[in-house]
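Reviewing the structure listed below.
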Amino acid sequence: MTTPGTSPLTAADLVEGWHRVGVRPGMAVIVHSSLSSLGRVEGGAAAVVASLREAVGPGGTVATPAFTGSVVCDPAPDHAGLPTPEIAELRAAVPLFHPGLPSPMGAIAEALRSLPESLRSTHPQASVAAVGAHAREVTARRSLGWAVGRESPFGALHDLGGYVLLVGVGHNRNTFLHYAETFAPNRRLKLRRFPMAIQGERVWIETPDVGNDNDTHFPVVGREFEELAGIREVLVGDAPCRLVPVRELIPFAVRRLTELLAADGPGAA
């Protein structure tokens, strides 16, 4: 094992690290990550992706968020009615989603998305990229509304008994807590707005989804679940990492988010 902060992490160091965190062959794992948190990595993000694939083996699946919500979005969301010429020009410049559209979700996510064999789901703002045995199953699901809910790749990963691997990031980056909130009766709401091509015509679509947490409840729920489940933090290089089982997390998170949101009172942001 490489001592943190000394020589660069090799692929072998990373595979050994993922195994210490709890990653096993055959697992379906979605990775939320910060490359810089690991320290120096020989081969960079591509080596991290390769090590994750080796850790889960040929029967496993590695997925990452490939979200484009900051790219495929309305540049004037507060403007109602017919657009001014200036707003119309801004909106016309917003790209349509396509599988090759780069994602701003970090170097590791983009390295996985860029692999020739990588598959990607098709939600214009909340896509997921995946490689491995169940990649097609994970990326086949899409619902325009509730983009991270039951009929999304996150629902597929839940059904597969998947895991969330947090690499140098906290539960404020754990999209499965958004997934859990879709089941809460008092869930927070937001409106997604994005362009799509439908029968050759470019149109703007509005769909409901759960709102942003803004570090309000997700860190609390994640920490409480880790304590309950006995999940331990493991250093891989310089990065604190945790492996979270989705099927166990979701019922706990739904219950706790329901309680915390009720305590916020009606209309709380």
Inset, instruction - Let me know which of Thr207, Leu144, Asp74 forms a side chain to side chain contact (heavy atoms under 4.5 Å, CB included) with Arg192. - result: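 When side chain to side chain contact (heavy atoms under 4.5 Å, CB included) is applied between Arg192 and each of Thr207, Leu144, Asp74, only Thr207 qualifies.
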Legend entry - Val246-Leu160 co-clustered via ILVMFWY side chain contacts under 4.5 Å: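 As far as the 4.5 Å side-chain criterion goes, Leu160 and Val246 are connected within one cluster.
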Inset, instruction - Compute the ring centroids of His123 and Phe194, then answer whether they are less than 6.0 Å apart. - result: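 Yes, close enough.
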Inset, instruction - Please confirm whether His178 and Phe218 have ring centers closer than 6.0 angstrom. - result: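 Yes.
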Legend entry - Check ion pair Glu226-Arg223 (N to O, under 4.0 angstrom):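 No, no charged N to carboxylate O under 4.0 Å.
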Non-hydrogen atoms of [X] and [Y] that approach each other most closely:
{"X": "Leu35", "Y": "Ala107", "value": "CD2-CB, 3.8 Å"}
{"X": "Thr68", "Y": "Ser103", "value": "CG2-CA, 4.3 Å"}
{"X": "Asn172", "Y": "Pro219", "value": "CB-CG, 4.4 Å"}
{"X": "Met27", "Y": "Gly22", "value": "CE-O, 3.2 Å"}

Decide yes or no for [X] and [Y]: does some side-chain heavy atom of the first lie under 4.5 Å from some side-chain heavy atom of the second?
{"X": "Pro251", "Y": "Phe183", "result": "no"}
{"X": "Leu261", "Y": "Glu181", "result": "yes"}
{"X": "Val21", "Y": "Leu165", "result": "yes"}
{"X": "Glu151", "Y": "Trp146", "result": "no"}
{"X": "Pro65", "Y": "His32", "result": "yes"}

In Å and rounded to the nearest 0.5 Å, what is the [atom1] to [atom2] distance from [X] to [Y]?
{"X": "Ile231", "Y": "Leu249", "atom1": "CD1", "atom2": "CG", "answer": "8.0 Å"}
{"X": "His171", "Y": "Leu177", "atom1": "NE2", "atom2": "CG", "answer": "7.0 Å"}
{"X": "Leu38", "Y": "Asp238", "atom1": "CG", "atom2": "CG", "answer": "8.0 Å"}

Legend entry - Distance-only donor-acceptor check, side chains Arg120 and Ser127, under 3.5 Å: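 On atom types as modelled, these side chains qualify, holding a pair under 3.5 Å.
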Inset, instruction - Could you tell me whether a side-chain N or O of Arg24 sits under 3.5 Å from a main-chain N or O of Val56, the two making a donor and an acceptor? - result: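 Not a single qualifying donor-acceptor pair exists.
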Legend entry - Expected output: side-chain Arg113 to main-chain Pro99 donor-acceptor under 3.5 Å: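 Checked: pair present.
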Inset, instruction - Please step through side chain to side chain donor-acceptor pair (under 3.5 Å) for the pair Thr216 and Asp213, ending with a clear verdict. - result: CA-CA 6 Å; Thr216 304; Asp213 182 66; 4.5 Å; no
